[in-house]
Q: 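Starting off with a structure, shown below.
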Amino acid sequence: MENIGYNSKKHDCNVKRYCRTMDLRDNPDLIAEYRLRHSKGKIWPEVLEGIRSVGILEMEIYILATRLFMIVETPLDFDWDSAMEKLAGLPRQQEWEDYMSIFQCSEPGSTSSEKWQPMERMFYLY
């Protein structure tokens with residue numbers, strides 16, 4: 001894989017960042033399907049609307065083999081726990097989570113917040 005950088009989105013406010021991780025099942029066919037389901041036009045519109053409606057400004061998911069790494073940018077006053085509780089109750093969200101659990105190392109019925117584990121920042125350069 002080529003070493004490339006990714007542009008980041010500018011926001012009209014100061015943001016904080018959440019970094020979370022999860023593993024996919026070690027099956028190339030499932031991983032290919034997971035990638036497809038997260039491509040433009042394939043993610044259910046209700047899921048994208050839900051993510052935005054709870055106050056998330058940007059979300060990126062990176063992949064290396066079976067490891068996923070997610071970066072979420074939010075306003076400074078964002079509360080992760082209350083937003084995830086709200087997200088879990090939105091239309092089609094749990095249906096999406098149950099469908100995604102086919103690909104993920106997670107239990108059916110788990111919410112997004114239960115699947116994606118927080119990562120600890122151990123270094124920064126500023």
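In this text the structure is predicted, and so the values were computed from the model without any measurement. As a basis for the values below, the full set of heavy atoms in this structure was taken, side chains included, without hydrogen atoms, waters or symmetry mates.
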Q: State whether the number of non-hydrogen atoms from other residues, nucleotides or ligands found under 6.0 Å of R121 atom CZ is greater than 12.
A: yes

Q: Answer with yes or no whether the hydrophobic clustering places F123 together with M119; edges join I, L, V, M, F, W, Y residues whose side-chain heavy atoms lie under 4.5 Å apart.
A: no

Q: Rounded to the nearest 0.5 Å, how far apart are CG of N27 and OG1 of T66?
A: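 Reported value, rounded in 0.5 Å steps: 11.0 Å.
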
Q: Would Y34 and R25 count as a side-chain contact (heavy atoms from CB on, under 4.5 Å) here? Give the steps.
A: CA-CA 10 Å; Y34 189 82; R25 299 185 192 282; over 6 Å; no

Q: So which heavy atom on E114 is nearest to which on G109, and how close?
A: OE1-O, 4.2 Å

Q: Using modelled atom types only, decide if a donor and an acceptor are shared between the side chain of K16 and the backbone of F78 within a distance under 3.5 Å.
A: yes

Q: Between T111 and E97, is the side-chain contact (heavy atoms from CB on, under 4.5 Å) condition met? List the steps.
A: CA-CA 6 Å; T111 64; E97 297 302 341; 5.6 Å; no

Q: Are C13 and L76 close enough that some pair of their side-chain heavy atoms sits under 4.5 Å apart?
A: no

Q: In Å and rounded to the nearest 0.5 Å, what is the CD to CG distance from Q104 to L30?
A: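 Between Q104 CD and L30 CG, I get 11.0 Å after rounding to 0.5 Å.
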
Q: How many angstroms lie between CD in E85 and CG in D79, if you round to the nearest 0.5 Å?
A: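 Reported value, rounded in 0.5 Å steps: 9.5 Å.
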
Q: Between K115 and S101, is there a side-chain heavy-atom distance shorter than 4.5 Å?
A: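 The answer is yes; the side chains approach within 4.5 Å.
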
Q: Would Y6 and F69 show up in the same hydrophobic cluster when neighbours are defined by side-chain heavy atoms closer than 4.5 Å?
A: yes

Q: Can you classify the ring geometry of F103 versus Y99 as parallel (below 30°), tilted (30 to 60°) or perpendicular (above 60°)?
A: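 Because their plane-to-plane angle is over 60°, the rings of F103 and Y99 count as perpendicular.
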
Q: Looking only at heavy atoms, what is the nearest atom pair of C19 and I71, with distance?
A: SG-CG1, 4.4 Å

Q: At what distance, to the nearest 0.5 angstrom, does NZ of K86 lie from CD of Q93?
A: 12.5 Å

Q: How close do T21 and L68 get, heavy atom to heavy atom, and via which atoms?
A: OG1-O, 2.7 Å

Q: Can you name the nearest heavy-atom pair linking S53 to L90, along with the distance?
A: OG-CD1, 3.5 Å

Q: What is the minimum heavy-atom distance between L87 and V54, and which atoms define it?
A: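 Nearest heavy atoms, L87 then V54: N-CG1, 3.8 Å.
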
Q: For atom CD of Q117, is the number of surrounding heavy atoms from other residues, nucleotides or ligands below 6.0 Å larger than 12?
A: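 Check passes, neighbour count above 12.
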
Q: Any idea which heavy atoms bring I61 and M70 closest together, and the distance?
A: CG1-CG, 4.1 Å

Q: Parallel, tilted or perpendicular: which describes the rings of W80 and Y18, with under 30° parallel and over 60° perpendicular?
A: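 Tilted.
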
Q: When rounded to the nearest 0.5 angstrom, what distance separates CD in Q94 from OG in S112?
A: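 It is 9.5 Å, given to the nearest 0.5 Å.
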
Q: Is W44 reachable from M59 through a run of hydrophobic residues whose side-chain heavy atoms are each under 4.5 Å from the next?
A: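 Looking at the clustering, W44 is in the same group as M59.
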
Q: Once you measure the plane-to-plane angle for H38 and W96, does it fall in the parallel (<30°), tilted (30-60°) or perpendicular (>60°) bin?
A: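 Rings of H38 and W96: perpendicular, over 60°.
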
Q: Using 0.5 Å steps for rounding, measure from the CD atom of E58 to the CD1 atom of I51.
A: 10.0 Å

Q: Has R35 got more than 12 heavy atoms of other residues, nucleotides or ligands less than 6.0 Å from its CZ?
A: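 Open.
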
Q: Verify the cluster assignment for L57 and V72: are they in a single hydrophobic cluster under the rule of side-chain heavy atoms below 4.5 Å apart?
A: no

Q: Taking R20 for the side chain and W116 for the main chain, is one N or O donor matched with an acceptor at less than 3.5 Å?
A: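 Present.
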
